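Below, all heavy atoms of this structure are taken into account, side chains as well, without hydrogens, waters or symmetry copies. It should be emphasised that the depicted structure is a prediction, and the values quoted were computed from it without experimental measurement.
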Amino acid sequence: MKKLLLLGMFVTCIGSASAQGPTISLVGNSPMINKGTIDMEVLTQVIQQKQEEVKQHVFRNTIIKEFNDHSYLDHLKNYTTYSFIYHLMDIMTSGKNKTVITKKIIQDASEFAYIYGMVMYVQQNYKANKVLVALDDKFSIGPNFIEAAKVRVNQNDRQSNVTIPPDIKNFNLMIDLCYDIVVHDDNLHPGFTFSADLDDPTFKTWYDADNVYLVERNKAGPAGQPKFDAEKTSIQFLLQQFTAKIKQAGQLLQALKTLSNSPDHNLATATTTLLSTYGDLSASDLQAKINELISKFDGSIPADQKFTLNSAYNTIKDNYDQYKPLYTFYTQLQKSDFKDFTLTQDQYYALKAITLDFLKLVRHQFKNDVVGSVLDFLIENTIVEYNSNSTNNPIPEKTATINDKGYIYIDIDALVSAIEQHFAPSDKKAVYVSVFFSLGTNQASFLNKNSLATDNNGNPKSLGNLYYASEKIGIKYKFWNWRYTHSFQPGENFNYYNKPGTYPRSWLRPQQQPTISDVYIMFYGSGLLYNLVNLKSEDKFNYAIAGAGLGITFFNGLSLNVGLACPYTDKRFKGENTFVNFGIDIPIIDYIAALAKK
């Protein structure tokens, strides 16, 4: 009760300062309260804003829910993909600065492409006799585990005949195995900060709970774990081999860039021409161009540059055509201190190619194709602006060369809007009981004949319906409170309706933010500090009201409720004046904040 009185005094002071709220007078023998007037324009704007927030919140949780509702044994659910999509949706729905949002999305997308690119390499170099079998024989990984994991769709009936292959679990295990290798080996991720995540307790709790490789290794026990360890060593060798080839590809490209600045004008021109078509060349064409350079300008090319050109090409030539998108993406990948990720034109298209390859796998893995749709929208709303390497001025994409830097931008507004339209449907406080002070609109339907209105002649008449705005001040009892239970990070303990003698609860991974914060019953008074505003009738109705009801609160404070209420008339509550009340309310603080900005 003390908190309620303090809140009332606070609102009284604010309202007095803005000439909109109630005022209190302590002059004379009897204190008096003068009711304030509700600004309906402000109230309507805040309610509309919160309704938009609800829709945005729903589409975010629609995606996260798909992961939580499935097992990694029968759906695309692995830590690597889950964390990427989770952070993507989190930054889009909670970020405020568009530059920061873009930078974070590009960084996360690049890190995910880095891991998936390695999985692509592992698939193509995985020998048929290399089979990992878990202790309970759930996993059998063959040489084409990515292809085997793709959904089978009946083209004649795309909606009802989608088959998710059982081999999806093998992909889940392999991509998380690659992630586990990379996150623990700093030599495998230059330019990224995977290993730094291990120092974060929240990351570690979620990682240990959802990384499929770690989960299955733990299940295997001492007898089965050596199989997992041996497989990890084998895959780690492949990733080290791939990293070495990336380094060689980088050395080849750097050698060509060095020659493009040669004092020999003809050599520089020929090399620059080669670089302008570098991303389009096949392995045989690239070899022919390199041999032509060495043969034609033998005297102008230093011996160490010749050695680099030959040795680097010989290292990567066997699978250059197959892995060119990976090589061009990883080679010289770097972060810019100024504009997010700085990529060459070829690196950007290589990143896009890797993402599109993943899209082939992810299609139809979830209801509404949630992951595939999000990534599709991300690609569609990504913009690249190229700057000349020599002048640093913007240039058209068609004339950009491999030396020109491409700065990536994401149209955040368009991206969020596209996802919302596709998916949206056509704290740790006050765990159980709380006081509340809200403002909102109400629809009253009277149950009986009454004498609460007058006709044009001043004679009593009965009100049937009334649409009005008013405050509600009272107490809520929350018998479901998802806002509280989902406010804890992985590994944090909490108690909520725990039985005596039971352990505290905790989450193993980040939880989706609940769209509905709580379900409650309430007891309240209205018309105490603000005049009731009649919105759809000329009937005079400005009584104090007492009511009780059932309601739900959304994550942003928007509340919907229904109950019974009765006005206080003639110094008492009369049963014939009882009405059913439907209310839409917002917290008083949101109203005051909006009023101050008006």
Are the side chain of [X] and the backbone N or O of [Y] linked by a donor-acceptor pair below 3.5 Å?
{"X": "Asp176", "Y": "Val212", "answer": "yes"}
{"X": "Tyr116", "Y": "Ile175", "answer": "no"}
{"X": "Asp585", "Y": "Ser559", "answer": "no"}
{"X": "Asn450", "Y": "Leu463", "answer": "yes"}

Between the side chains of [X] and [Y], is a donor N or O closer than 3.5 angstrom to an acceptor N or O?
{"X": "Asp180", "Y": "Tyr79", "answer": "no"}
{"X": "Ser71", "Y": "Asp74", "answer": "no"}
{"X": "Tyr468", "Y": "Ser526", "answer": "no"}

Notebook entry, point to check: Knowing that exactly one of Tyr477, Tyr520, Tyr497 qualifies, which makes a ring-ring contact (aromatic ring centres under 6.0 Å, His included) with Tyr432?
Noted result: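 The single option meeting the ring-ring contact (aromatic ring centres under 6.0 Å, His included) with Tyr432 is Tyr497.
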
Item checked: ring-ring contact (aromatic ring centres under 6.0 Å, His included), paired with Phe112, selected from Phe84, Tyr86, Tyr179, Tyr82 ->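 Filter result, single survivor: Phe84.
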
Item checked: CD1-CG distance between Ile516 and Asn481, expressed to the nearest 0.5 angstrom ->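 Taking CD1 in Ile516 and CG in Asn481, the distance rounds to 12.5 Å.
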
Checklist line | Distance (rounded to the nearest 0.5 Å) between Asn556 CG and Thr515 OG1 | finding: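 If we round to the nearest 0.5 Å, Asn556:CG and Thr515:OG1 are 10.0 Å apart.
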
Next item on the list: Return the orientation label for the Phe203 and Tyr207 ring planes: parallel under 30°, perpendicular over 60°, tilted otherwise.
Entry: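 Ring orientation of Phe203 relative to Tyr207: parallel.
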
Next item on the list: Mind telling me whether Tyr484 and Phe488 have parallel, tilted or perpendicular rings, with 30° and 60° as the class edges?
Entry: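 The rings of Phe488 and Tyr484 stand perpendicular, inter-plane angle above 60°.
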
Next item on the list: Determine whether the aromatic ring centres of Phe555 and Trp482 lie less than 6.0 Å apart.
Entry: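 For Phe555 and Trp482, the ring centres are not under 6.0 Å apart.
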
Next item on the list: Find out whether His486 and Trp507 are in side-chain contact, i.e. whether some heavy atom of one side chain is under 4.5 Å from a heavy atom of the other.
Entry: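 In contact.
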
Check: Any chance CH2 of Trp480 has more than 12 other-residue heavy atoms, nucleotides or ligands included, within less than 6.0 Å?
Finding: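 At most 12 heavy atoms, drawn from other residues, nucleotides or ligands, come within 6.0 Å of this atom.
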
Check: Applying the side-chain hydrogen bond (donor to acceptor under 3.5 Å, both in side chains) test to Tyr72, which of Glu216, Lys77, Lys169 qualifies?
Finding: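 When Glu216, Lys77, Lys169 are each tested with Tyr72, the side-chain hydrogen bond (donor to acceptor under 3.5 Å, both in side chains) holds only for Glu216.
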
